[in-house]
Amino acid sequence: MSKHDESRRKFLVGAAVGAGAVATGGLPADALAQAQAAAAVPAAATTREHEHAAVGALRAFFNQDDAATIEAFAERLMPGAPGKPGARDANVINYIDLALAGAYADQQDFYRRGLAALDQYCRVIYNKSFVELFPAQQDEVITALEAGKAAGFTYPSAAAFFNTMRTHTIEGMFADPVYGGNKDFAGWRLVGFPGAQPMFTTADMQSREAFTRLPMAGLQAKAAR
Amino acid sequence: MATEKTDVVIVGMGAAGGILAAELAKAGMRVIGLERGPRLATKDFAAQDELRYFQRQDLRPDPKRQPITWRPNQNTRATPLQILNYGNQAGGGTVHYGSVSWRFHADDFRVRSHTVGRYGASAIPEDSSLIDWPLSYADLEPYYDRAEYELGVSGKAGNLQGKKIEGGNVFEAPRQRDYPLPPLQVDQSGANFEAGTRKLGYHPFSTPRAIVSQPYNGRPGCSYCGFCQAFGCHIGAKSSILVTKLPEADATGNFKLITGAMCYRVNSDNSGRATGVSYYGPDRSDNTIEAELVILAPFIYDNVRLLLLSKTEKFPDGLANSSGQLGKHIMAHMMANVFVTFEDRYINNFMGPSAQKHTIDDFNADNFDQSGLGFIRGAQISISTPNLEGGPIAFSTIAPPPGTPRWGAAYRDFFARYYARHGVMVAQTENLPYPDQTIDLDPEVRDAWGLPAPRMTYDWRRPNELARVAFMQKKMEEIGRAMGAPHIWRAEFASGLPGAHHEGGTRMGSNPRESVVNRYSQSWDIPNLFLMGSSTFPTMTGFNPTLTIQALAYLTADAIVNRYRKNPGPLV
């Protein structure tokens, strides 16, 4: 038996054990967690609960820590305020996550490395992770990235990581909601873009006022308000 | 490996290839068209999706599969361009273009002699390879007319048989008749530009566009949805080759379109005659077409690359390149931008056809006195949209005014306040030809088929070009003030990167030793080989090239049908 076959055998044995464990529990992990949540089972947590994130918190690409970092970063780029939806309101993190699992899969390593360098930089300067910083400190970090002055970045460079984060945050704010961001047309509402309107009338074109006629239209949804 | 025989093979089914396919098939010739991309239909364009079409460039070549590399000069290493501004499907760039459709001015066809006559030979930069075209405006006028009427162009005449008409372009060369369709309606960016430029004594007009303003040839009039440049038209109002000439070619029964076909070589024999082409199919199969007539009509990169890849013992420097001019004199428009925002009015720039909407021709070509300005030849100045598209993602690509950051609460507030209150002016400059602006084969980068990538060596920042841009920026700032805009700022230039509308590489001329093709876009060396498109342009003008590409294709089709077919050989 070759070395390759040996490791494959070990993997298959391990997988069989895992499958058996699930079978014993009777439910796949997510369903189990869901059932437990529904029954409001208190902290008498099984081992399995420690190993798995809560239902609804998992993402297509990012782990929870990285998702929290990206979400906080995007929010500083396009911060929300009362009456002004920001990146968190628009669910930009969901857009970037789905893009990296699909259309931008070739940029996964760009993000992994960029996030690692960002974390290292924050710990060296502030002895904290990015998400633990005050917003003003997060802005200092982003400013250093934008200027290419944050140490420790190789590939991607600090400026490249900033530029990509900015571009993808903008996309998550303003791309059609079908791509996972721009939740409830948050980005379009912020700037007054009416979406994919099939036509404008002569009166629309001659108006010097804001265009407010509804519905705001996306590929798969219309907003009545 | 399949081999087919036909009368004519045309590589590339875009602005030029589609016209030749239809016209030659209608004349009874059997035509095979090769197209690298797919054949889409109007129903494919229902989704008005800025992410897909503007941001991710879905209708343009994928720079990862089909890289074009660029370097500013011979001492630097070339890297792939990120956006490739040409087509990648049947219909070519006309599927996604902004549809701006100009006739060149009379003096555009004789720039060298006109410049020498008015300003003296010393006005021409010493290192420029400026020449006259081998044909005149009058030669091309009937074919401009045919393109406007057969395809469907909307506009207002400004010079009807020598009579100047206010409201049209009074600087245009005389036309025999008006446009087939009235101009497209004017949106608020156009209305503000109209008022501002009139105040300054200029001559604004609605830009002529190949978008039908009324029902025409079974297609509906424009709905002003705003998704033009980078998008396919969701109702077929854009007069793309896809909805105009390809159906005509289909109807003849003499036309066969092969999609997913990557042509990699023009085959030729020892007599110096083209015998056909070889191409990779979508399944990577290696195929050959034998043809009496070979017409290359891809974008300029592939015209040059194909000839370089097809070198033989007879043509060791590239097929049809006995002149040594193949791949030289590359030009690209510099798009100089000035941005304006308003406090007292909305512009709603997401409405209406999205590319250059309203134009003044007062500072284009030789329409103004260039004595003592430090440059020759001008620019088309228009009001437009950010990067020719009006959605919010496009707005995010413009640099905010000095003092406003690119992110954070201040940027959010700038975006929220001014997205619907902004205007974008653009000066599209007539950059001169220079012999050291070139396309050759990249020694390192290859495409998805294993072919060497075309490599551009180009930097627009020459003294003549820098002086022209500075002049145009000042003019646009004056127009911004005349429009009553309280905030006016200009885009800065980071590099010498080529802008829009790349031209040259197989220049046409009247001397076989100094040009690659004659006035019929026919190779001087190989009479049964025609090289179509803007690669043949000796000079570029400040105008968008497509209508001239199309008029030249009609001219060539006429020459092939009426002269070449009876007597195959050199047309000049």
Side-chain angles (χ1 to χ4, degrees), chain A residues 73-74 76-81 83-87 95 99 103-104 106 135 139 142-143 146 162-163 165-176 178-179 181-182 187-202 204-212 217-220, chain B residues 46-52 54-56 58 64 184-192 220-227 231 234-235 237 342 344-352 357 390-397 405-422:
Chain A
F73 197 125
R76 293 317 303 156
L77 296 181
M78 288 296 273
K84 299 172 182 177
Y95 166 80
Y104 298 160
D106 60 346
D139 287 354
I142 295 172
T143 301
E146 181 184 21
F162 164 83
N163 282 324
M165 272 301 299
R166 181 187 186 273
T167 299
H168 290 176
T169 298
I170 292 287
E171 291 175 0
M173 288 292 295
F174 301 114
D176 192 281
V178 78
Y179 293 99
N182 194 7
W188 293 353
R189 288 180 200 282
L190 174 71
V191 303
F193 177 62
Q197 300 286 331
M199 71 169 296
F200 292 107
T201 66
T202 303
D204 295 337
M205 305 254 289
Q206 289 175 347
S207 168
R208 285 160 72 105
E209 303 301 319
F211 180 82
T212 55
L219 297 178
Q220 296 182 351
Chain B
Q48 298 165 319
D49 181 343
E50 194 187 17
L51 183 75
R52 178 177 176 183
F54 172 78
Q55 187 75 351
R56 296 182 180 172
D58 197 60
K64 294 193 177 78
L184 290 157
Q185 288 180 38
V186 177
D187 69 351
Q188 282 308 295
S189 66
N192 278 279
C222 177
S223 70
Y224 300 92
C225 74
F227 295 91
F231 299 84
H234 77 291
I235 59 171
F342 295 89
D344 61 347
R345 70 198 89 157
Y346 282 79
I347 302 297
N348 297 327
N349 217 357
F350 46 81
M351 296 181 191
K357 300 175 176 208
I393 297 178
F395 186 76
S396 80
T397 65
R406 296 167 65 215
W407 56 277
Y411 181 67
R412 174 204 63 205
D413 291 345
F414 161 75
F415 208 133
R417 178 154 186 82
Y418 296 113
Y419 167 67
R421 294 177 169 100
H422 80 277

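In what follows, chains carry the letters A, B, and so on, assigned in the order in which the sequence lines appear, proteins first and then strands, with residues in each chain numbered from 1. Every value quoted in this text rests on a predicted model; they were computed, and no experiment measured them.
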Holding to side chain to side chain contact (heavy atoms under 4.5 Å, CB included), I want the full list of residues that pass it with Val186(B), two or more places apart in sequence or in another chain.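 Side chain to side chain contact (heavy atoms under 4.5 Å, CB included) list for Val186(B), sorted by chain: Ala191(B), His358(B).
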Ring centers of Phe73(A), Phe162(A) separated by less than 6.0 Å: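 No.
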Phe211(A)/Phe200(A) aromatic ring centres below 6.0 Å: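 That pair passes the under 6.0 Å test.
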At a heavy-atom separation under 4.5 Å, does [X] approach chain B through its side chain, its backbone, both, or neither?
X         : value
Thr169(A) : neither
Asp204(A) : both
Asn182(A) : neither
Leu219(A) : side chain

Heavy-atom pairs under 4.5 Å with chain B are the metric here; pick the option from [options] that has the most.
options                                    : value
Ile170(A), Val178(A), Thr201(A), Asp176(A) : Ile170(A)
Gly195(A), Gly192(A), Ala196(A), Pro198(A) : Pro198(A)
Gly187(A), Ala175(A), Ala87(A)             : Ala175(A)
Met173(A), Gln206(A), Met205(A)            : Met205(A)

Contact class of [X] relative to chain A, heavy atoms under 4.5 angstrom:
X         : value
Asn348(B) : side chain
Arg421(B) : neither
Phe227(B) : side chain

Parallel under 30°, tilted from 30 to 60°, perpendicular over 60°: which one fits the rings of Tyr411(B) and Phe415(B)?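 Tyr411(B) vs Phe415(B) ring planes: perpendicular.
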Considering residues at least two apart in sequence or located in another chain, which fulfil the salt bridge (charged side-chain N to carboxylate O under 4.0 Å, His left out) criterion with Arg52(B)?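 With neighbours one apart ignored, the set is Asp58(B).
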Could you tell me which of Gln185(B), His234(B), Glu50(B), Met351(B) has the largest number of non-hydrogen atom pairs under 4.5 Å with chain A?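 With the most close heavy-atom pairs to chain A, the winner is Met351(B).
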Chi angles and distances behind the side chain to side chain donor-acceptor pair (under 3.5 Å) call for Glu171(A), Tyr95(A): CA-CA 8 Å; Glu171(A) 291 175 0; Tyr95(A) 166 80; 2.5 Å; yes
Using atom types as modelled and distance alone, determine if a side-chain donor or acceptor of Asp413(B) lies under 3.5 Å from a backbone N or O of Gly408(B).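 Flag not set: sc Asp413(B) to bb Gly408(B) has no pair under 3.5 Å.
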Ignoring hydrogens and angles, tell me if any N or O in the side chain of Trp188(A) forms a donor-acceptor pair with the backbone of Phe174(A) under 3.5 Å.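 Flag set: sc Trp188(A) to bb Phe174(A) pair under 3.5 Å.
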